[in-house]
Amino acid sequence: MARTVVQVTLFGLLLALVTTLPNKDDWDIYSFHINSTVSNRYATTVITSRVANRMDESKEIEFQVRIPKNAFISKFRMFIDGVAYDGIVKAKEAAKQQYQDAVSRGQSAGIVSSVGRTLEEFKTSVNVAAHKKVTFELTYEELLKRRLGKYELTIHARPMQPVKDFKVDVNINEKAGINFMEVKGGLNTNALANAVTKTFANTEAWVYFYPTVDQQKLCDSCGEHGMNGDLVIVYDINRDAAFGNIKKSPGYFVHHFAPSNLPRIPKNVVFIIDQSGSMHGRKMLQTRIALIHILNDLAKEDFFGVITFDSSIFHWKRELVQANEENLASAKTFAQRIQDRGSTDINLAVLEGTRMLKAHPREDSASILILLTDGDPTSGVTNLEQIQSNVREAIAGKFPLYCLGFGFDVNFEFLEKMSLQNNGAARRIYEDSDADLQLKGFYEEVATPLLTDVTMIYEGGFNVTQTNFSQYYNGSEIVVAGQITDNDIETFTPQVVAISKNTRLVFTESNGTVETTGMVPDSQIQRVWAYLTVKQLLEKELQLSGPEKDNAKKEALELSLKYSFLLHHPNRGLSVNGELSSVSHGGFKRIVIRTAQQNFEVDPREITVQDGQTVSVHAQQDEHIIGQNVTVIRRSKQIDIIGEDTRIIILIHDKNNHLFLWPVLAQKPADTNIKGILALEPAVYEEVQKTPTTKLRIHNKDTNAFSFRTEDYSFPSAPTVDCWIVPAESALQRPINEFMVAQL
Ligand SMILES: *[C@@H]1O[C@H](CO)[C@@H](O)[C@H](O)[C@H]1NC(C)=O
Ligand SMILES: *[C@@H]1O[C@H](CO)[C@@H](O)[C@H](O)[C@H]1NC(C)=O
Ligand SMILES: *[C@@H]1O[C@H](CO)[C@@H](O)[C@H](O)[C@H]1NC(C)=O
Ligand SMILES: *[C@@H]1O[C@H](CO)[C@@H](O)[C@H](O)[C@H]1NC(C)=O
Ligand SMILES: *[C@@H]1O[C@H](CO)[C@@H](O)[C@H](O)[C@H]1NC(C)=O
Ligand SMILES: *[C@@H]1O[C@H](CO)[C@@H](O)[C@H](O)[C@H]1NC(C)=O
């Protein structure tokens with residue numbers, strides 16, 4: 001196995017090296033402004049980029065920016081020669097299909113795709129005549145979420161070249177008063193730090209970031225292409241009132257509820273840790289480190305359990321025990337010794353965790369189940385819906401289930417759905433050097449339960465967003481919005497009922513602050529309501545199936561069009577692996593494409609689709625196999641795989657009557673986290689020496705190279721091309737074995 005994969009790596013590399021650097025386009029971004037206004041934790045950001053085509057011919061000019069994943073785009077406009085062109089969000093009549101077609105064609109709607117941990121990319125381009133200018137203007141909106149006692153507004157600046165007139169202006173307005181404010185992020189360091197000005201006083205804060213052209217080239221993550229990094233504004237507001245703050249206007253209200261001066265409720269927590277083979281190496285190591293940190297944070301009054309699983313279950317102890325010194329020491333030793341092996345039986349593990357929590361009922365405590373996994377269920381019950389229904393039935397709403405999906409092979413949608421169905425949430429843990437900190441950070445968010453069974457009641461309110469929350473944690477916030485009929489604004493009475501440590505609490509308006517806009521409607525409160533309603537409809541859509549799912553989707557779409565929120569689904573996992581043919585230079589004999597819901601196994605003669613427990617085989621030409629997120633079409637000499645923002649073509653080559661496959665990434669998703677040979681950027685190299693041996697400079701390192709002629713199978717005609725052979729690692733910048741997989 002190892003040998004064959006090495007060969008692919010080299011070959012992928014050869015092909016990559018053939019490609020040359022694209023020419024740098026000659027267009028000039030002469031002004032780039034980002035203006036963000038936050039009021040009552042609702043942020044509206046406008047990015048304005050002005051570009052001139054300095055060429056004597058027309059040019060395709062690109063606009064490419066990154067926005068927070070939680071944000072909705074509410075407006076996109078272009079001005080060319082004084083004429084405004086509105087983006088698709090204005091087209092209210094757009095039916096679902098038209099809308100999706102436009103988005104996938106990447107027309108004025110632009111394409112939105114996921115990049116990195118917290119950002120998504122919006123990308124569009126337009127043809128601009130010689131010596132003409134274009135202005136792009138993008139507006140997005142976002143309700144800031146309170147985590148670990150603070151709100152974060154992330155602004156990503158990547159204009160793609162140094163810009164003479166570059167400005168970021170942030171204005172925050174919070175009636176309750178700003179408690180603290182800091183500016184963080186990669187752009188607030190070293191060379192750029194003195195380009196940042198910040199002030200705050202009582203209810204207002206300002207941040208200005210005006211770097212010069214030279215500064216834009218100097219910062220840590222900057223270069224010839226200018227800045228590429230984040231400015232993160234972190235703040236919290238004063239909260240002396242337990243009931244929080246209600247803002248009401250004729251028509252709508254929004255309630256922010258975040259009491260902090262309450263006693264901690266003891267926890268019962270069970271950690272379910274995946275130790276299957278795929279956790280091998282750094283992931284397993286980081287999990288051990290994080291688990292030990294987390295165990296250190298447990299309080300004496302907490303009870304806990306740890307189980308690890310692969311195709312079977314391993315208990316540290318069969319029942320929950322108190323987090324006393326002796327038990328913690330023993331649990332840490334157990335954590336140290338967790339080893340990866342075997343396959344993944346998620347069903348068995350979650351059901352066992354549930355049993356343990358249920359076997360340990362305790363008055364005045366909060367129970368929490370935490371699952372950490374990095375893969376699909378591969379043993380025991382593997383049908384995803386069956387697992388979800390088993391888990392739901394077992395937990396029966398008694399406590400929340402949090403799922404942490406480690407890395408990119410994980411079926412995140414499955415985890416998300418399962419946690420939402422059980423009052424919890426799912427979080428991605430990115431495979432990176434700080435994965436242990438991410439795990440610990442997530443745990444801290446749920447570490448201090450202050451209330452359970454929180455019921456938010458709004459008499460006189462209707463079309464209210466989610467009102468029941470199984471637990472409330474210190475440092476977080478519950479936000480509810482709804483409608484009030486105009487005549488009811490005086491009689492509208494909000495109330496919160498919840499269980500604190502051994503008491504039932506009732507919060508009323510008298511425990512908080514109520515602001516009213518009088519007879520003046522407030523469009524922002526209405527937008528917060530729309531924002532939360534759309535988000536929750538999308539979550540509902542994820543959990544439901546059949547006509548109910550379609551209804552939720554339709555409702556979310558209608559509402560988002562009404563409020564001009566550009567609706568999109570973030571990227572879901574798509575992976576492609578291949579097995580080499582044993583004939584030398586024979587390409588692949590099998591390629592497997594996995595999506596969240598299905599697996600497609602392609603060989604030169606047929607396509608096998610596995611959807612849950614159903615398997616079907618397709619050998620007919622031009623048949624469209626429509627999966628949930630991809631369409632696969634078998635043609636005579638190639639197979640087309642079309643995903644939302646990805647297109648893969650698998651060519652079928654015939655060499656001396658030997659059929660083999662060759663994959664080509666025809667459209668690359670903008671997600672910078674995509675990995676693997678198919679996603680390799682062409683290596684940029686320079687020839688630094690010709691004799692006695694050729695030396696190439698790749699990533700600032702010189703390396704020996706040999707010339708070579710081979711067929712480029714990424715074209716149907718397989719032309720013969722000249723290539724260089726270099727050690728794989730020098731061009732890949734990482735070890736070859738990172739491209740190997742144990743199974744397809
Ligand atoms: C930013 O936007 C706000 C709200 O539209 C506006 O009042 C303000 O003048 C803008 N600031 C700048 C510097 O353009
Ligand atoms: C909750 O958080 C606040 C502020 O961060 C802190 O002062 C308080 O002690 C915390 N409460 C508990 C029970 O940990
Ligand atoms: C709001 O509620 C009314 C009836 O109470 C219903 O007709 C309407 O569809 C609801 N609107 C939304 C957006 O849910
Ligand atoms: C919310 O909780 C209350 C009381 O616990 C219950 O009566 C109500 O049905 C719940 N509402 C929803 C939407 O689950
Ligand atoms: C809310 O205020 C009322 C009246 O002042 C008081 O009786 C009640 O205990 C308060 N509730 C909480 C949870 O602080
Ligand atoms: C994938 O399909 C699921 C189920 O139909 C859908 O909820 C999700 O939004 C799709 N994802 C993408 C990226 O299209």
Side-chain angles (χ1 to χ4, degrees), residues 145-152 176-182 234-246 255-267 269 294 296-302 323 364-366 368 392 395-400 420-424 441 443-459 461-483 493-514 532-533 536-537 539-540 543-544 548 552:
K145 208 174 165 110
R146 187 163 184 258
R147 273 207 182 108
L148 301 173
K150 53 192 193 269
Y151 303 97
E152 283 189 3
I178 294 163
N179 181 300
F180 76 93
M181 185 203 44
E182 283 168 27
V234 183
Y235 75 97
D236 198 15
I237 62 161
N238 296 327
R239 50 188 86 247
D240 31 24
F243 181 72
N245 170 261
I246 275 225
H255 182 189
H256 285 85
F257 177 72
S260 65
N261 51 353
L262 295 168
R264 178 181 191 282
I265 299 178
K267 288 198 297 280
V269 56
I294 289 170
N296 276 330
D297 281 354
L298 291 176
K300 223 184 196 127
E301 57 194 20
D302 292 339
D364 306 323
S365 67
I368 300 175
R392 196 173 185 170
I395 294 182
K398 292 213 160 35
F399 42 79
L420 285 172
Q421 285 174 338
N422 296 285
N423 303 309
Y443 170 75
E444 279 165 5
E445 287 179 37
V446 299
T448 319
L450 297 184
L451 295 170
T452 64
D453 306 293
V454 184
T455 310
M456 321 279 288
I457 302 156
Y458 302 94
E459 221 177 287
F462 66 105
N463 288 349
V464 177
T465 60
Q466 189 184 342
T467 48
N468 288 10
F469 300 85
S470 68
Q471 299 182 353
Y472 162 75
Y473 307 100
N474 204 14
S476 71
E477 182 171 61
I478 290 174
V479 186
V480 182
Q483 302 184 352
T493 28
Q495 197 186 36
V496 181
V497 180
I499 313 288
S500 165
K501 190 177 181 171
N502 56 47
T503 35
R504 180 172 180 271
L505 292 183
V506 178
F507 301 87
T508 63
E509 276 178 299
S510 66
N511 314 93
T513 56
V514 181
L532 283 174
T533 305
Q536 291 175 7
L537 280 169
E539 283 180 356
K540 201 160 130 195
Q543 295 174 56
L544 297 169
E548 284 177 309

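Order of appearance sets the numbers: ligands from 1, and atoms from 1 within every ligand.
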field: D302 side-chain N/O to A299 backbone N/O, donor-acceptor pair under 3.5 Å
entry: yes
task: Run the contact test for S510 against ligand 5 with a 4.0 Å cut-off on heavy atoms, strictly below, and give the result.
output: yes
query: Mind checking what makes side-chain hydrogen bond (donor to acceptor under 3.5 Å, both in side chains) contact with N511, not counting sequence neighbours?
result: T508
query: With atoms numbered from 1 as shown, which atoms in ligand 2 lie under 4.0 angstrom from a non-hydrogen atom of L262?
result: 13 (C)
Crowding at CD, E548 (>12 non-hydrogen neighbours, <6.0 Å): no
query: Parallel, tilted or perpendicular: which fits the ring planes of F243 and H255, with parallel below 30° and perpendicular above 60°?
result: tilted
- prompt: Looking only at N/O atoms, are N474 and ligand 2 under 3.5 Å apart anywhere?
  reply: yes
message: Whether the side chain of R146 engages the backbone of S476 through a donor-acceptor N/O pair (distance < 3.5 Å, no angle test) should be reported.
response: yes
- line: Hits for side-chain hydrogen bond (donor to acceptor under 3.5 Å, both in side chains) against N245, two or more places apart or cross-chain, chain-then-number order -> T513, E515
- request: Can you sort out the partners of N296 under side-chain hydrogen bond (donor to acceptor under 3.5 Å, both in side chains), two or more places apart, ordered by chain and number?
  value: K332
message: Can you list every protein residue that has a heavy atom under 4.0 Å from any atom of ligand 4, sorted by chain and residue number?
response: T455, N468
query: Can you find an N or O of T508 that's nearer than 3.5 Å to an N or O of ligand 5?
result: no
- request: Would you mind reporting whether E445 and R147 have side-chain heavy atoms less than 4.5 Å apart?
  value: yes
